[in-house]
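Letters A, B, ... mirror the listed sequences (proteins, then strands); counts begin at 1.
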Number of protein chains: 2
Amino acid sequence: MSKCLSCSQAGKGAFCKFGPQSRAFLQSNSVKTDYVRGASFFREGDRSNAIFLVCSGKVKVSATSREGRVMILRIAQAGDVLGMSAALTQSDYEVTAEALEPCSVLVLPTRHLMTMLQNFGDASLAAANVLAEDYRAAFDEARLVSLPSSPAGRVARLILDWAQDAKSRSNPFITMSMTHEELASMTATTRETITRTLGRLRKEKIIETHGVVLKVLQPQALERLCAC
Amino acid sequence: MSKCLSCSQAGKGAFCKFGPQSRAFLQSNSVKTDYVRGASFFREGDRSNAIFLVCSGKVKVSATSREGRVMILRIAQAGDVLGMSAALTQSDYEVTAEALEPCSVLVLPTRHLMTMLQNFGDASLAAANVLAEDYRAAFDEARLVSLPSSPAGRVARLILDWAQDAKSRSNPFITMSMTHEELASMTATTRETITRTLGRLRKEKIIETHGVVLKVLQPQALERLCAC
DNA sequence: CGATTTAGGTGATGGCCATCACCCGATCGA
DNA sequence: TCGATCGGGTGATGGCCATCACCTAAATCG
């Protein structure tokens, strides 16, 4: 695997696998930028003017209602690209992207993105793959929130998703580095319900927690709860 | 606007605006297929092997939980393309596509899609736009279900979205050609709640219905209800 | 170090809505 | 023409969970 020049990592992201031409174009037309924890790349409703290639750090992607209710769509990491949909359709950003950790990012202005897509076939395909990932994240979120019939079920579903993810990395433990508040935003419920639901799952020996580490003891019980 | 050869319509969809080369390729490598009402193009979990260009008819795009709960993602129409994400990532279909009316469709096998994307720049861009639309549909659904705090709020939100849509076609009336059951599937609630909520909105003179035609009398009241 | 903020835990309460059950009218099919 | 099916309407009920309120411990910070 070739290295992603800008990240100096073996990139897994769609934009890390460019050929020499598109890579050179990307390098000379994007600006490397650093964000401190809490800083926003862009906010919901802003006019879109660039896409953001995450080189390091974690990024919270969310949308907010006027009343202040927050929906967390996903947590983006190195290799992910943010703002592609808004840039392609030349519309406002539909989400807010905010650094959860200090982040290093390549910022590629929309006009250069367009040039790149028109000139380099591999870039077009990469853009399509980025959008396919964005779509899956949104679809999974919709599914997570729509299908289980209760908040408790959604929490169960979320834990199951994590478990599957951990399993795919052959790790029996889940590292849950999110606050109850954030979990509530991902499952369309409230902080108190998260606290109580996790407490109940612990008491019923369905899960086990040690600090941020979580272990699933009875996957079937979780599946029964979410029923999806 | 050039005609979409296969639909013989002035196409609005991304795949209706091809140049002569890609259009010819599409024509000679896809198969025109008709589906009767109720027939499935593909079902959730099927191995993906083609994309589907809707030429006429309406298509319900949905996902189902094991327990039978249904989430309707969107209703696709002429010009829309279905199955792009699964084809691009060479994975199983993540949704079920089902004809709500007799449908005429161009079916393009995945291998030909890949060839097309590699050879024609406009096709790659069109694919990216299709994915951007898919993403927006999923995002909007997630937002609709996540942000309003109650089922009644989600119904209000849905009606507001329709109203905006109707307004953009400068039409004061909304044609609601869906059953209460289907509305429930779009708002993650139950048929009874839909019936009762619509009844309440009627009684409070917030909306007015005559058969399938719906008119919003007090948009502000709806916004207060959904609070998003 | 004291003050403040943040994360998490918990009790009380009340309303909403999922569920079950049943009914009615319209449409359809044989 | 008559069941059968489907879409829609409605009552009763009970449980879940959103909301509010308050508390504790830990972290942060001046």
Side-chain angles (χ1 to χ4, degrees), chain A residues 36-38 60 65 67-72 98 100-101 145-158 175-204 207 209-214 224-228, chain B residues 36-38 60 65 67-72 98 100-101 145-158 175-204 207 209-214 224-228:
Chain A
V36 299
R37 181 184 141 78
K60 179 166 78 178
S65 76
E67 257 50 23
R69 186 175 281 262
V70 177
M71 163 180 80
I72 297 182
E98 185 187 339
L100 284 178
E101 308 171 349
V145 177
S146 291
L147 291 186
S149 47
S150 70
R154 293 197 285 275
V155 175
R157 173 80 262 160
L158 188 60
T175 334
M176 184 180 65
S177 55
M178 306 183 69
T179 69
H180 288 187
E181 191 87 47
E182 290 171 324
L183 295 181
S185 291
M186 298 182 69
T187 49
T189 180
T190 59
R191 180 190 64 81
E192 295 93 323
T193 297
I194 295 285
T195 301
R196 284 191 245 263
T197 303
L198 289 181
R200 187 157 67 85
L201 295 180
R202 265 194 301 266
K203 193 183 301 174
E204 294 177 6
I207 63 170
T209 57
H210 301 100
V212 296
V213 176
L214 186 151
R224 232 176 301 121
L225 263 177
C226 82
C228 72
Chain B
V36 299
R37 181 184 142 79
K60 179 165 76 177
S65 76
E67 255 51 22
R69 186 175 282 262
V70 177
M71 165 180 79
I72 297 182
E98 186 186 339
L100 285 178
E101 309 170 348
V145 177
S146 291
L147 291 185
S149 46
S150 68
R154 295 197 285 276
V155 175
R157 172 80 262 159
L158 187 61
T175 331
M176 184 179 66
S177 55
M178 306 182 68
T179 69
H180 289 187
E181 192 87 45
E182 290 170 325
L183 296 181
S185 291
M186 299 182 70
T187 49
T189 181
T190 59
R191 180 190 65 81
E192 295 92 324
T193 296
I194 294 286
T195 302
R196 283 191 247 263
T197 303
L198 289 182
R200 188 157 67 85
L201 295 180
R202 265 194 300 265
K203 195 182 300 176
E204 294 178 6
I207 63 171
T209 56
H210 299 101
V212 297
V213 177
L214 185 151
R224 233 177 300 121
L225 262 178
C226 82
C228 73

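Taking every heavy atom of both residues into account, A/T187 and A/L183 meet most closely at OG1-O, 2.8 Å. The heavy-atom pair separating A/L225 from A/A156 by the smallest distance is CB-CB, 3.9 Å.
Distances were taken from every side-chain heavy atom of A/A152 (C-beta onward) to each of C/dA18, D/dA21, D/dC17; the shortest belongs to D/dC17. The side chain of B/R191 has D/dG8 as its nearest neighbour among D/dG8, C/dC20, C/dG8. Distance from the side chain of B/T179 is smallest to D/dG8 among C/dT10, D/dG8, C/dC17. Checked against D/dT19, D/dT10, D/dC17, the side chain of A/E192 finds its nearest nucleotide in D/dT19.
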Under 3.5 Å, which donor-acceptor pairs link side chains of residues 145-152 of chain A to any protein atom two or more places apart or in another chain?
{"residue": "A/S146", "atom": "OG", "partner": "A/A142", "partner atom": "O", "Å": "3.0"}
{"residue": "A/S150", "atom": "OG", "partner": "A/G153", "partner atom": "N", "Å": "3.1"}

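Taken to the nearest 0.5 Å, the CG atom of B/L198 stands 5.0 Å off from the CD1 atom of B/I207. Atom OG1 of A/T193 sits about 9.5 Å away from atom CZ of A/R154, to the nearest 0.5 Å. Between A/M176 atom CE and A/L158 atom CG the span is 9.5 Å, to the nearest 0.5 Å. With values rounded to the nearest 0.5 angstrom, A/M186 atom CE is found 10.5 Å from A/K60 atom NZ.
Nucleotide D/dG8 holds its C1' atom 16 Å from the CG atom of B/L214, rounded to whole Å. Rounded to an integer number of Å, the gap from A/H210 NE2 to C/dG8 P is 17 Å. Protein atom NE2 of B/H180 is 11 Å distant from nucleotide atom P of D/dG7, rounded to whole Å. Rounding to whole angstrom units, CE of residue A/M178 and P of C/dT6 are separated by 18 Å. The CG atom of B/L225 sits 17 Å away from the P atom of C/dG15 (whole-angstrom rounding).
In this structure, A/S150 does not reach the D/dC16 phosphate: none of its side-chain N or O atoms is under 4.0 Å from OP1 or OP2. The phosphate of C/dC17 (OP1 or OP2) has no side-chain N or O of B/T190 nearer than 4.0 angstrom.
Within a heavy-atom distance below 4.0 Å of DNA chain C, the residues of residues 193-201 of chain A found are A/T195, A/R196.
Across all strands shown, B/R202 has heavy atoms under 4.0 Å from sugar-phosphate atoms exclusively, and none from any base.
By the side chain to side chain donor-acceptor pair (under 3.5 Å) test, A/R202 is found to be paired with A/T209, residues two or more places apart in sequence or in another chain being considered.
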What protein N or O atoms touch nucleotides 26-30 of chain D N or O atoms at under 3.5 angstrom, if any, and at what distances?
none

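Salt-bridge formation is not detected for the pair A/R196/A/E192: no Lys NZ or Arg NE/NH1/NH2 atom is positioned less than 4.0 Å from an Asp or Glu carboxylate oxygen.
Pairs passing the side chain to side chain donor-acceptor pair (under 3.5 Å) check and including a residue from residues 176-186 of chain A, sequence neighbours excluded, read A/H180-A/T195.
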remark   = In B/S/- notation (B base, S sugar-phosphate only, - none; protein heavy atoms under 4.0 Å), nucleotides 24-30 of chain C written 5' to 3' is -------
